[in-house]
Student: 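After the structure tokens below, expect a handful of questions from me.
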Amino acid sequence: MTSVPRFRFAPSPTGYLHVGGARTVLFNWLEARRVGGEFVLRIEDTDTERNRPELTENILEMLQWLGLGWDGEPTYQSQRFDSYTAAADRLLADGRAYWCDCTAEEVQARAKERGGPPGYDGHCRDRGVERGTTTALRFRSPDEGSTGFDDLIRGHVVVENKTLEDFVLLRSSGTPTFLLANIVDDADMAITHVVRGEEHVNGTPKYLCLGDALGLDYRPVFAHLPVLVNEKRQKLSKRRDSVSVQEFKDQGYLPEAMVNYLALLGWGPKDGVEVRPLAEIVELFRLEDVTSSPAFFDVKKLQAFNSDHVRALPVDEFVDRARPFLSRGDIAEQAMAPLAELVQERVRLLTEVEPMIAFLIDDPVVIDDDSWTKAMVKGKAAPEMLDAAIAALDELTAWEAAGIRLAVEAAAVAVGLVNAEGQPQLSKAQGPVRVATTGRTVGPPLFESLEALGRDRTLARLREARARL
RNA sequence: GCCCCCAUCGUCUAGUGGCCUAGGACACCACCCUCUCAAGGUGGCGGCACGGGUUCGAAUCCCGUUGGGGGUGCCA
């Protein structure tokens, strides 16, 4: 029987899914997909104190959103405590574990006194401490020899067993800790590939020694991914860095842009084509090609990827995606309809859509102060231009972009905003008209915008602005 | 302190001994295009941390230094 490659993502519900976790999922998922293996989820909720069940929901929801599905139902460690305590009992019976009644303070005090490395010193190893309400079960780490493992990304890693301290297996509350639950489950679930963050490298020898002590004969393939860092090159942390996937979703990032960008953190396609669909990345991705150095999570580049993915959308798909970000619902959607294509190529984030078409919804239009100053106060011949535009547009019989353009051009000529050849200078002439009607100096092309605005509102706004001058 | 890991433009990367006077992308700057803003086009800025080896030849291999990171929890 040949076993299928099996990958897993094992988050603990103590925080929202963040981009680092998402990248770990992605790399697991990508490799699993490529080799035709399975990708499963295991919720590591062993710490009943910090566990926040509702966060599991967020993690699952974000994975769905990113399009990184999993096989089968997630496993919950909180429902498998029996397996862990059984393993712990075995270790205790075999003399590979012992009860310890030291408090954290005592451990620290002794470490300080002896001046050596902090951490547990094996104080209770042979004290014959009985199980009590304040005792934790510790693993008796091997004193000699060394433990090594092969890592797809880092090569061979070896550590001396004597540097492995006697870590806790069972808390005094009786709940199992990470390492114990981890190895028991990985073996039980027949995980063949352990792909996780670099922060787990140091724990791996402990994990392996534990497995040996348990007689598991279990050796998965490891791949420790480089961590994602902030601008100060520290590991991304939910606490100090704003990196939850949910936030990016809320800001109007597209999931395809997100996974595309994340795939390029620690890996790059040989052909150099960065912006591409996930399906292509699945074909090209190789876990062994992943870099071993930390990568900076650059929001600027993410934004650039998002712009590309937004523009690559068919226009009705773009409208569908933008819909949840339109706070004013149908009104906004109807307003956007005629300008959708023009808006699409101007936004980086979906949250930028509504501000761009707000002038079609707000009545009266909200005028941006800086824009007003720039176009009306500092701009050339604003009053004259508005007068001329009003006159020209008022005479228009058909209200469509091309005709509106001709009228504005005629107005420009009338007030002398022309170049050496006597041609209208729209770059100068459009300013006052744009600000009067849309409230801003920037936005979708003016004439299409005015067509969408309608004759009456356009003229009314021009007259209102003129009156203010 | 101890253990482990890492080191190519500001950032993400390509590069696995000669194809490299190091390629691409983001960012930045300039110009072009242009009704604003985008988009697009062209060009520019900018890097193999340092020192020793090995080799005919090193960004690529080895050693050291320096710098950075991760771990060192009754968190995961």
Student: Can you tell me how far C1' in B/C19 sits from the matching atom in B/C29, rounded to whole Å?
Tutor: 32 Å

Student: Determine the contact category for A/E288: base if any of its heavy atoms lies under 4.0 Å from a base atom, sugar-phosphate if only primed atoms, P, OP1 or OP2 are that close, otherwise nothing.
Tutor: nothing

Student: Scan A/L265 against the nucleic acid and name what it touches under 4.0 Å (heavy atoms): base, sugar-phosphate only, or nothing.
Tutor: sugar-phosphate

Student: I want to confirm an ordering. Mapping A/V158 and A/A295 to their closest nucleotides on RNA chain B, which one lands closer to the 5' end?
Tutor: A/V158

Student: Mind checking A/F447 for me? I need base, sugar-phosphate or nothing, with any heavy atom below 4.0 Å counting as a touch.
Tutor: base

Student: Please state the C1' separation for the pair B/G18 and B/A59 - nearest whole angstrom.
Tutor: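 Rounded to whole Å, the distance is 13 Å.
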
Student: Who does B/C33 pair with, Watson-Crick or G-U, both distances under 3.5 Å?
Tutor: none

Student: Determine the interatomic distance between P on B/U36 and the same-named atom on B/G10; round to the nearest Å.
Tutor: 35 Å

Student: From C-beta outward on A/R311, which listed nucleotide comes closest to its side chain: B/A39, B/A38, B/A25?
Tutor: B/A39

Student: Between B/C26, B/G24, B/U36, which one does the side chain of A/E274 approach most closely?
Tutor: B/G24

Student: Does some side-chain heavy atom of A/L386 sit less than 4.5 Å from a side-chain heavy atom of A/M376?
Tutor: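 The answer is yes, as the side chains (C-beta and beyond) meet within the 4.5 Å cut-off.
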
Student: So if I take every side-chain heavy atom of A/T163 and compare against B/U36, B/A14, B/C3, which nucleotide ends up nearest?
Tutor: B/C3

Student: Distance between the P atoms of B/U16 and B/G23, in whole angstroms?
Tutor: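 The answer is 15 Å between these two P atoms.
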
Student: Using a 4.0 Å heavy-atom cut-off across all strands, classify A/R440 as base, sugar-phosphate, or nothing.
Tutor: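 Touches nothing.
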
Student: For B/A14, give its Watson-Crick or G-U wobble partner with both distances under 3.5 Å, or none.
Tutor: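 Its partner is none (no Watson-Crick or G-U wobble pair with both distances under 3.5 Å).
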
Student: Show every donor-acceptor pair shorter than 3.5 Å between a side-chain atom in residues 412-428 of chain A and any protein atom, with sequence neighbours excluded, or say none if there are none.
Tutor:
{"residue": "A/N419", "atom": "OD1", "partner": "A/E421", "partner atom": "N", "Å": "2.9"}
{"residue": "A/N419", "atom": "OD1", "partner": "A/G422", "partner atom": "N", "Å": "3.0"}
{"residue": "A/N419", "atom": "OD1", "partner": "A/Q423", "partner atom": "N", "Å": "2.7"}

Student: Got a sec: does the CD of A/E400 have more than 12 other heavy atoms crowding it under 6.0 Å?
Tutor: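 Yes, the 6.0 Å shell around CD holds more than 12 heavy atoms from other groups.
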
Student: Could you run through nucleotides 67-76 of chain B and give me one letter per nucleotide, 5' to 3': B if any protein heavy atom sits under 4.0 Å from the base, S if only the sugar-phosphate is that close, - if neither?
Tutor: --BBSSBBSB

Student: When you measure from the side-chain N and O atoms of A/R346 to the phosphate of B/C37, is any distance below 4.0 Å, counting only OP1 and OP2?
Tutor: no

Student: For B/C28, which nucleotide is its Watson-Crick or G-U wobble mate, given both distances must be under 3.5 Å?
Tutor: B/G44

Student: Side chain of A/S293 only, heavy atoms from C-beta on: which candidate in B/C6, B/C26, B/C35 is closest?
Tutor: B/C6

Student: Locate the shortest heavy-atom distance separating A/L170 from A/A88; write the atom from each residue and the value.
Tutor: CD2-CB, 3.6 Å

Student: Out of B/C4, B/A27, B/U36, which nucleotide sits closest to the side chain of A/V159?
Tutor: B/C4

Student: Is there, by distance only and without an angle test, a donor paired with an acceptor across the side chain of A/K301 and the base of B/A25 below 3.5 Å?
Tutor: yes

Student: Quick one: OG1 on A/T441 to CG on A/D368, what's the gap to the nearest 0.5 Å?
Tutor: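 So the gap between those two atoms works out to 7.0 Å.
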
Student: Excluding sequence neighbours, so at least two apart, what forms ring pair (Phe, Tyr, Trp, His ring centres under 6.0 Å) with A/F167?
Tutor: A/F139

Student: What do you reckon, is CD of A/E57 surrounded by more than 12 foreign heavy atoms closer than 6.0 Å?
Tutor: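 Check fails, neighbour count at 12 or below.
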
Student: Now, which nucleotide makes the Watson-Crick or G-U wobble pair with B/U72, with each of the two distances under 3.5 Å?
Tutor: B/G1

Student: Regarding A/P424, tell me which of base, sugar-phosphate or nothing describes its non-hydrogen contacts under 4.0 Å with the strands shown.
Tutor: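 Result for A/P424 = nothing.
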
Student: Could you give the distance from SG (A/C209) to CG (A/L164), rounded to the nearest 0.5 Å?
Tutor: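 Going from the SG atom of A/C209 to the CG atom of A/L164 covers 5.0 Å.
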
